[in-house]
2 protein chains.
Amino acid sequence: MADKNHELRDKGLRLTPQRQLVLEAVRALGHATPEEVAEKVRATHPGINLSTVYRNLETLENVGLVQHTHLGHGGATYHAAEELTHLHLVCGKCGSVGDAPIETAAPFVNALIDEYGFKTDVTHFAIYGTCADCTAKS
Amino acid sequence: MADKNHELRDKGLRLTPQRQLVLEAVRALGHATPEEVAEKVRATHPGINLSTVYRNLETLENVGLVQHTHLGHGGATYHAAEELTHLHLVCGKCGSVGDAPIETAAPFVNALIDEYGFKTDVTHFAIYGTCADCTAKS
DNA sequence: ATGCGAGTTGCAAATAATTTGCAGGAAAGG
DNA sequence: CCTTTCCTGCAAATTATTTGCAACTCGCAT
Ligand SMILES: [Mn+2]
Ligand SMILES: [Mn+2]
Ligand SMILES: [Zn+2]
Ligand SMILES: [Zn+2]
């Protein structure tokens with residue numbers, strides 16, 4: 001590696017400790033709300049302001065390093081862009097979040113393209129329903 | 001029809017003008033945010049309070065007369081339960097909301113049941129992506 | 001090294017969306 | 001009617017996110 005953190009400069013962004021830490025936190029956490037990202041960052045940079053986290057998440061999303069997804073009824077959660085390679089199966093009863101390969105959705109995605117010219121991003125919203133455990137219990 | 005509005009009493013709910021109007025508004029609007037429902041109701045009942053609308057939407061959802069869906073990054077929109085018979089194709093570029101029959105998703109839904117025992121509700125979240133028009137323009 | 005200018009940050013305040021407490025008012029049933 | 005319970009309006013509280021602004025600092029050009 002020539003010099004570290006080229007990925008941020010390459011996108012035309014300044015390399016600040018806060019920004020690096022936000023990105024690292026998102027990568028470490030898998031998926032996380034802005035609040036959770038802030039919490040994680042505070043481990044090494046206690047002073048970080050929540051609004052800085054929001055702003056950096058937005059900035060990092062604009063340059064394609066992170067993305068947001070909706071797993072629940074409320075706000076968004078953030079992922080590292082590289083890591084968004086699976087569907088999220090969210091159970092409305094117990095709140096569990098399972099994964100499934102994106103290919104599972106391929107026939108559906110193709111049908112929407114063929115019939116409507118609609119290009120689906122299957123990761124933006126979670127797949128909502130009831131998990132096997134909760135179905136068994138009821 | 002024996003006597004009107006049995007549907008509310010049958011669910012064990014009191015029949016108040018506000019409640020009836022909220023339900024009618026949801027039915028008339030197709031999909032609507034709580035704010036939009038309130039607006040609609042105010043046409044005939046100007047005094048209705050927004051919190052009454054929120055409370056009634058929740059109540060009506062609990063008894064199964066309405067349901068909420070997420071069409072965008074933000075809050076929920078409400079539908080009459082009978083009316084939720086299609087997918088929502090939401091374009092992230094232009095914001096348009098198209099419809100598609102639920103059957104389009106059948107192979108996908110079946111795959112999730114077979115492979116994970118996960119029962120998908122395909123209407124809770126919209127199907128997010130880019131519409132044909134926006135794809136053409138870019 | 002030094003300095004400058006644009007991009008960033010922290011902080012406080014502003015917005016926006018939704019929820020809650022409470023006291024008065026109205027619906028259902030006897 | 002009368003009572004009980006549910007429901008409503010209103011104000012205040014929460015929660016989530018955004019914005020204005022002055023101070024700061026990163027990266028580039030002296
Ligand atoms: Mn929801
Ligand atoms: Mn979104
Ligand atoms: Zn579950
Ligand atoms: Zn579009």
Side-chain angles (χ1 to χ4, degrees), chain A residues 2-26 31-42 44-63 65-66 68-78, chain B residues 2-26 31-42 44-63 65-66 68-78:
Chain A
D3 63 75
K4 68 177 175 176
N5 262 313
H6 244 55
E7 65 185 333
L8 287 175
R9 290 239 187 74
D10 288 352
K11 303 289 187 175
L13 299 180
R14 282 195 189 170
L15 198 154
T16 70
Q18 291 90 335
R19 186 163 289 161
Q20 296 173 76
L21 288 165
V22 165
L23 180 52
E24 284 165 22
V26 170
H31 14 79
T33 62
E35 193 69 56
E36 290 164 340
V37 171
E39 188 115 355
K40 177 83 176 177
V41 172
R42 287 197 191 106
T44 44
H45 190 107
I48 196 169
N49 193 274
L50 191 50
S51 63
T52 300
V53 172
Y54 274 99
R55 285 190 278 229
N56 274 318
L57 287 171
E58 187 182 350
T59 301
L60 292 169
E61 184 158 34
N62 286 338
V63 299
L65 289 169
V66 310
H68 79 265
T69 307
H70 301 275
L71 298 183
H73 310 237
T77 60
Y78 287 82
Chain B
D3 63 77
K4 66 175 178 178
N5 262 314
H6 245 54
E7 62 183 336
L8 287 175
R9 289 235 187 74
D10 287 351
K11 303 288 186 176
L13 299 180
R14 283 193 190 170
L15 200 152
T16 69
Q18 291 90 334
R19 185 163 289 161
Q20 297 173 76
L21 288 165
V22 165
L23 180 52
E24 284 166 23
V26 169
H31 13 80
T33 62
E35 192 69 56
E36 289 165 342
V37 171
E39 190 114 354
K40 177 85 176 173
V41 172
R42 288 199 191 105
T44 44
H45 189 108
I48 195 169
N49 192 275
L50 190 49
S51 62
T52 300
V53 173
Y54 273 99
R55 284 190 279 228
N56 275 318
L57 287 172
E58 188 182 348
T59 300
L60 293 170
E61 184 159 35
N62 286 337
V63 300
L65 288 169
V66 309
H68 79 265
T69 307
H70 302 275
L71 298 182
H73 310 235
T77 61
Y78 288 81

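Residue numbers begin at 1 in each chain, while the letters A, B, ... track the order of the sequences. As the structure is a computational prediction, the values presented were derived from the model and not from experiment.
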By side-chain hydrogen bond (donor to acceptor under 3.5 Å, both in side chains), B:Thr69 pairs with (sequence neighbours left out) B:His79
By side-chain hydrogen bond (donor to acceptor under 3.5 Å, both in side chains), A:Gln18 pairs with (sequence neighbours left out) none
Residues forming a side chain to side chain contact (heavy atoms under 4.5 Å, CB included) with [X], sequence neighbours excluded:
| X | value |
| --- | --- |
| A:Glu36 | A:Ala32, A:Thr33 |
| A:Ser51 | A:Asn49, A:Arg55 |
| B:Thr59 | B:Leu13, B:Arg19 |
| A:Asn62 | A:Glu58 |

Just the endpoints, please: which first and last nucleotides of DNA chain C, 5' to 3', lie under 4.0 Å from a heavy atom of chain B? C:dA17 to C:dA28
Starting at the 5' end of DNA chain C and moving along, which residue's nearest nucleotide shows up first, A:Arg19 or B:Ala76? A:Arg19
Footprint string (nucleotides 24-30 of chain D, 5' to 3'): B base within contact, S backbone only, - free, heavy atoms under 4.0 Å: -BBS---
Compute the angle between the rotation axes at the two ends of the helix from C:dA1-D:dT30 to C:dG30-D:dC1, each taken over five pairs, rounded to 10 degrees. 30°
Using whole Å, report how far [atom1] of [X] lies from [atom2] of [N].
| X | N | atom1 | atom2 | result |
| --- | --- | --- | --- | --- |
| A:Glu39 | D:dA16 | CD | P | 13 Å |
| A:His68 | D:dT17 | NE2 | P | 11 Å |
| A:Glu36 | D:dT15 | CD | P | 16 Å |

Give B:Gly47 one of three labels, base, sugar-phosphate or nothing, depending on what nucleic acid heavy atoms sit under 4.0 Å from its own. sugar-phosphate
Please work out if B:His45 contacts a base, only the sugar-phosphate, or nothing of the nucleic acid, heavy-atom cut-off 4.0 Å. sugar-phosphate
B:His45: what forms a ring-ring contact (aromatic ring centres under 6.0 Å, His included) with it, not counting sequence neighbours? none
If you count the non-hydrogen atoms of other residues, nucleotides and ligands that lie under 6.0 Å from CD in A:Glu61, is the total more than 12? yes
Which residues in residues 49-59 of chain A have a heavy atom closer than 4.0 Å to any atom of DNA chain D? A:Ser51, A:Tyr54, A:Arg55
Student check: side-chain heavy atoms of A:Thr44 and A:Glu24 closer than 4.5 Å: no
Taking side chain as C-beta onward, heavy atoms only, is B:Leu8 less than 4.5 Å from B:Leu65? yes
In Å and rounded to the nearest 0.5 Å, what is the [atom1] to [atom2] distance from [X] to [Y]?
| X | Y | atom1 | atom2 | value |
| --- | --- | --- | --- | --- |
| B:Glu35 | B:Thr77 | CD | OG1 | 14.0 Å |
| A:Leu57 | A:His68 | CG | NE2 | 11.0 Å |
| B:Ile48 | B:Lys40 | CD1 | NZ | 13.5 Å |

